[in-house]
Protein chains: 4
Amino acid sequence: MSTPQAARTAKAAPTKTPDASRRSQRSRQAILDASMELVGEVGYNRLTIEAIASRAGVGKQTIYRWWSSKAAVLLDAFLSVVHDNGYDNGIPDTGDLEADLKAVLRATADEFTDAGFEAPYRALAVAGAADAELAQEFVERLQEPGLEVYIRRLRLAQEAGQIAEDLDLHLAVELLLSPFQQRWLTRSGPLTYEFTDRLVEMALRAFR
Amino acid sequence: MSTPQAARTAKAAPTKTPDASRRSQRSRQAILDASMELVGEVGYNRLTIEAIASRAGVGKQTIYRWWSSKAAVLLDAFLSVVHDNGYDNGIPDTGDLEADLKAVLRATADEFTDAGFEAPYRALAVAGAADAELAQEFVERLQEPGLEVYIRRLRLAQEAGQIAEDLDLHLAVELLLSPFQQRWLTRSGPLTYEFTDRLVEMALRAFR
Amino acid sequence: MSTPQAARTAKAAPTKTPDASRRSQRSRQAILDASMELVGEVGYNRLTIEAIASRAGVGKQTIYRWWSSKAAVLLDAFLSVVHDNGYDNGIPDTGDLEADLKAVLRATADEFTDAGFEAPYRALAVAGAADAELAQEFVERLQEPGLEVYIRRLRLAQEAGQIAEDLDLHLAVELLLSPFQQRWLTRSGPLTYEFTDRLVEMALRAFR
Amino acid sequence: MSTPQAARTAKAAPTKTPDASRRSQRSRQAILDASMELVGEVGYNRLTIEAIASRAGVGKQTIYRWWSSKAAVLLDAFLSVVHDNGYDNGIPDTGDLEADLKAVLRATADEFTDAGFEAPYRALAVAGAADAELAQEFVERLQEPGLEVYIRRLRLAQEAGQIAEDLDLHLAVELLLSPFQQRWLTRSGPLTYEFTDRLVEMALRAFR
DNA sequence: CAGTAAACGAGACGGTACGTCTAGTCTTCGG
DNA sequence: CCGAAGACTAGACGTACCGTCTCGTTTACTG
């Protein structure tokens with residue numbers, strides 16, 4: 001931002017874009033932390049910008065300056081936690097695809113049952129479903145990376161000849177994960193191991 | 001509702017339960033119509049009870065008297081439209097399961113692309129995802145009946161020996177429909193015929 | 001308000017004018033009371049609509065519904081106090097004009113030195129000086145009635161031949177009271193009895 | 001402000017007093033100019049420090065460093081203009097006191113009707129009425145010097161035996177000017193020549 | 001067929017949160 | 001190392017709706 005070009009660009013675009021290089025990292029982190037805390041305490045609908053600002057010890061304008069909506073704040077907050085926790089170790093490859101997938105889905109079921117994870121994630125899913133603009137960010141930054149680790153595991157299986165070589169891997173992962181996500185989102189049924197195991201078995205039959 | 005029992009019940013419960021037999025059908029319908037119109041015009045988040053009341057030419061209290069939330073209003077409004085349109089005649093049975101399913105999913109894709117249908121349905125899905133209480137109603141009154149027609153068709157195929165006889169039909173329908181619903185809800189991809197056809201093919205492999 | 005005309009008028013004027021007949025007198029009085037209290041405590045510049053609403057136990061909208069600015073609230077509040085206190089007993093007529101005016105001005109000086117009176121009155125004078133629209137109301141409803149009682153006393157003196165018969169009484173009262181008001185408003189000097197007595201004497205010389 | 005004394009004072013008070021000797025005269029003048037422009041454009045209430053800083057091409061801190069309030073800025077700005085314009089050459093002395101005063105008051109009425117003069121002067125009067133601290137500066141630096149020129153003229157008349165020799169000249173000037181200022185400040189009547197002439201005549205009767 | 005009780009249209013009410021604005025302070029960086 | 005630039009905390013602004021609570025006014029059953 002201190003390069004000549006940047007300076008010129010800043011002058012050429014006199015829009016009210018704030019100068020990111022001067023952003024207070026202290027405030028940013030306090031806002032993200034407060035958001036995660038509050039969404040866990042009161043849920044998304046009762047989460048307010050005012051409460052976030054107050055809890056973070058920050059002026060409201062500082063939130064409005066850097067984010068366009070409370071959902072955008074929450075998305076950053078969630079991603080920040082996810083990345084801090086290491087996130088993407090990928091799916092283990094023991095050679096036994098079915099066992100690997102069952103293990104991962106069981107773990108995912110546990111995760112989605114944990115209140116600390118569920119509240120913000122559901123909030124984001126809801127906000128994304130309601131708002132097309134946010135949906136794109138939600139899908140790109142959170143959902144697609146999640147699918148990608150499955151695709152990589154399936155590709156290994158494909159190379160090992162365990163599943164059909166002409167299989168559309170992206171669609172395959174949708175077939176595997178969507179029933180899980182749909183059940184969770186609409187609460188149309190419990191996320192038991194029984195469910196996840198049967199789901200893996202049935203999906204795998206489609207992959208061969 | 002004008003039976004002696006109903007009258008007695010009303011007296012036995014001097015809580016503010018309104019007398020349904022005196023309900024104005026004129027107002028009820030005006031509210032449902034206004035809701036459907038407005039959700040199409042401004043979306044769910046900007047849909048307000050005040051606007052519905054104003055558009056319907058009705059006092060706010062008349063809405064609060066009979067419904068617990070704007071989502072509840074919308075659910076009734078949507079079901080009223082669905083029922084008026086004859087709703088679900090079931091899935092045709094030409095003997096060719098794959099062709100039948102492809103045809104129905106293509107039709108469903110068209111339906112979900114229609115703005116008049118999408119706006120209220122998405123609103124309900126969002127409200128259901130956010131609110132557990134409403135979710136149950138949403139699933140029971142709208143989603144499960146939708147699955148049921150698929151289950152019936154699969155049962156016929158099962159009896160005809162076209163799919164595995166020990167197949168869990170409910171789970172099977174989830175496998176078939178969830179990827180579709182998930183794509184639509186999160187807008188993670190387009191609902192093309194290409195997509196629905198491949199989906200049917202892949203799911204059917206899992207059913208045999 | 002239940003006459004046919006009134007009903008028709010109401011329909012003919014769909015402006016957002018609130019229905020004064022349904023106004024809560026309880027809230028009105030609470031707002032006026034709170035305004036007078038607060039202006040005495042924190043002064044006009046730090047007087048906020050939010051604080052008035054909070055102190056009065058009233059929603060902000062109830063203030064905005066009935067008044068156009070905090071100065072308008074305060075004007076009503078001040079007039080309400082003034083009217084409750086009897087206000088206009090007129091100026092005594094002992095036959096001795098000089099003595100009567102000196103007595104009244106001494107009393108007025110005392111009044112303008114009382115903090116409970118000064119704070120809101122100064123606030124109104126300031127607001128009126130700054131805002132032309134409010135100024136008119138301030139002058140008409142508060143200042144002119146104040147002058148009027150002096151004019152009446154001078155007219156009696158005029159009829160008794162104590163002052164010039166062609167005297168412009170309005171201008172005469174301005175000559176008498178403006179130095180007092182100006183001193184008070186700009187704090188350019190103290191409002192002592194010495195000052196008010198000399199002022200009356202000098203003004204009276206101009207009246208003969 | 002750049003005299004040795006001033007510098008010493010600054011050092012003697014190691015509080016955050018800025019070093020006046022390093023003050024940018026360029027910024028100072030730009031701030032004063034911007035203040036006068038803006039107060040004429042938007043009035044006092046909508047005059048903001050931010051707007052002044054922006055118009056003057058100056059950081060906000062540069063204003064806060066040297067002035068305690070926007071009224072203080074404006075007072076300096078106004079005095080700077082007044083002094084540049086030569087200010088007060090005193091009241092002419094043709095020997096005819098009534099004619100001289102009438103001429104000056106007519107000229108003053110014209111001045112107070114001029115928008116370029118009125119806006120900042122009214123702003124200062126309002127600020128002074130609201131804020132006791134500023135009021136003192138306002139009176140001392142702007143109002144008293146104004147009265148002084150009248151006092152000097154009256155003293156000449158007194159020495160010439162045209163008015164009473166025991167007349168309190170300060171009070172006399174208040175009697176003459178306050179009705180004028182009061183009318184202007186509260187807009188309780190028009191500043192016509194008719195008004196100023198009658199005012200002079202009436203006041204002069206009190207002076208003899 | 002009058003009397004009456006509940007639902008109704010209307011909208012004022014006490015509140016909460018919104019997104020914007022300005023005040024006055026604090027931080028960064030270029031000249 | 002001063003000053004412009006502007007991000008920061010703080011909090012009031014005026015608006016929009018919330019859900020509750022009267023107001024009269026229909027409306028439809030009951031005595």
Side-chain angles (χ1 to χ4, degrees), chain A residues 1-2 7 10 16 18-24 26-27 30 46-51 53-54 56-66 68-70, chain B residues 2 7 10 16 18-24 26-28 30 46-51 53-54 56-66 68-70, chain C residues 1-2 7 10 16 18-24 26-27 30 46-51 53-54 56-66 68-70, chain D residues 16 18-19 22-24 26-27 46-51 53-54 56-65 68-70:
Chain A
M1 272 305 192
S2 58
K16 296 288 174 88
D19 181 347
S21 69
R22 306 188 57 179
R23 184 168 188 179
S24 160
R26 206 171 157 284
S27 295
R46 277 186 304 239
L47 177 68
T48 66
I49 300 265
E50 301 217 322
S54 168
V58 137
K60 282 199 290 178
Q61 200 57 48
T62 301
I63 299 181
Y64 286 111
R65 191 169 9 249
W66 300 109
S68 58
S69 67
K70 68 178 178 180
Chain B
S2 59
K16 296 292 175 80
D19 179 349
S21 71
R22 307 192 58 173
R23 183 168 188 180
S24 161
R26 206 171 157 283
S27 295
R28 191 188 112 96
R46 278 187 303 240
L47 177 67
T48 66
I49 299 265
E50 299 216 323
S54 168
V58 137
K60 283 199 288 179
Q61 199 56 47
T62 302
I63 298 181
Y64 286 111
R65 188 176 298 120
W66 300 109
S68 59
S69 67
K70 69 177 177 181
Chain C
M1 273 307 193
S2 58
K16 295 287 171 95
D19 181 347
S21 69
R22 304 187 57 182
R23 185 167 186 181
S24 161
R26 207 171 157 284
S27 295
R46 276 186 303 238
L47 176 67
T48 67
I49 299 265
E50 300 217 322
S54 167
V58 137
K60 280 199 289 179
Q61 200 56 48
T62 300
I63 299 181
Y64 287 110
R65 186 160 24 240
W66 301 108
S68 59
S69 66
K70 68 178 176 178
Chain D
K16 295 292 176 77
D19 180 347
R22 310 193 76 176
R23 183 168 187 179
S24 158
R26 206 170 156 285
S27 294
R46 277 186 304 238
L47 176 68
T48 65
I49 300 265
E50 302 219 319
S54 167
V58 137
K60 283 198 290 178
Q61 199 54 45
T62 303
I63 299 181
Y64 285 111
R65 210 189 325 274
S68 59
S69 67
K70 67 179 178 182

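Lettering follows sequence order; numbering is per chain, from 1. It should be emphasised that the depicted structure is a prediction, and the values quoted were computed from it without experimental measurement.
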(Q) If I take atom CG from residue A/Asp19 and atom CZ from residue A/Arg65, how far apart are they, to the nearest 0.5 angstrom? (A)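 Between atom CG of A/Asp19 and atom CZ of A/Arg65 there are 11.0 Å.
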
Nearest-Å distance for atom pair [atom1]/[atom2], residues [X] and [N]:
| X | N | atom1 | atom2 | answer |
| --- | --- | --- | --- | --- |
| A/Lys70 | E/dC18 | NZ | C1' | 11 Å |
| B/Asp19 | F/dT27 | CG | P | 17 Å |
| D/Arg46 | F/dG14 | CZ | P | 12 Å |
| D/Glu50 | F/dT9 | CD | C1' | 14 Å |
| D/Gln61 | E/dA23 | CD | P | 13 Å |
| B/Arg22 | E/dA7 | CZ | C1' | 6 Å |
| A/Ile63 | F/dC8 | CD1 | P | 11 Å |

Is any side-chain N or O of [X] closer than 4.0 Å to OP1 or OP2 of [N]?
| X | N | result |
| --- | --- | --- |
| B/Arg23 | E/dA7 | no |
| A/Thr48 | E/dT16 | no |
| B/Ser27 | E/dG9 | yes |

(Q) Which is more 5' along DNA chain F, the nucleotide nearest A/Trp66 or the one nearest D/Gly59? Just name the residue. (A)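 Upstream on the strand: D/Gly59.
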
**Q.** DNA chain F: 5'-proximal contact among A/Arg26 and C/Leu47 (nearest heavy atom)
**A.**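 The residue whose closest nucleotide sits nearer the 5' end is A/Arg26.
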
(Q) Quick check with a 6.0 Å cut-off and a 45 degree axis cone: is B/Arg28 positioned over the face of B/Trp66's six-membered ring? (A)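 Verdict for B/Trp66: no cation-pi partner in B/Arg28.
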
Q.
Regarding A/Thr62, tell me which of base, sugar-phosphate or nothing describes its non-hydrogen contacts under 4.0 Å with the strands shown.
A.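 Base contact - A/Thr62 has a heavy atom under 4.0 Å of at least one base atom.
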
Q. Do the side chain of C/Lys60 and the base of E/dG15 come within less than 3.5 angstrom through a donor-acceptor pair of N or O atoms?
A.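 Flag unset: no donor-acceptor pair detected.
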
Q. Any chance CZ of C/Arg26 has more than 12 other-residue heavy atoms, nucleotides or ligands included, within less than 6.0 Å?
A. no

Q: Heavy atoms only: give me the nearest C/Ile49-C/Lys70 pair and the separation to one decimal.
A: CD1-CB, 3.8 Å

Q) From the list E/dC18, F/dT9, E/dA12, which nucleotide is the closest neighbour of the side chain of C/Pro18? A)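 In terms of side-chain proximity for C/Pro18, the closest of E/dC18, F/dT9, E/dA12 is E/dA12.
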
Q) Considering only E/dG24, F/dC13, F/dA10, which nucleotide approaches the side chain of D/Tyr64 most closely? A) E/dG24

Q. Are any non-hydrogen side-chain atoms of B/Ile63 and B/Lys60 less than 4.5 angstrom apart?
A.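 Of all side-chain heavy-atom pairs linking B/Lys60 with B/Ile63, none is under 4.5 Å.
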
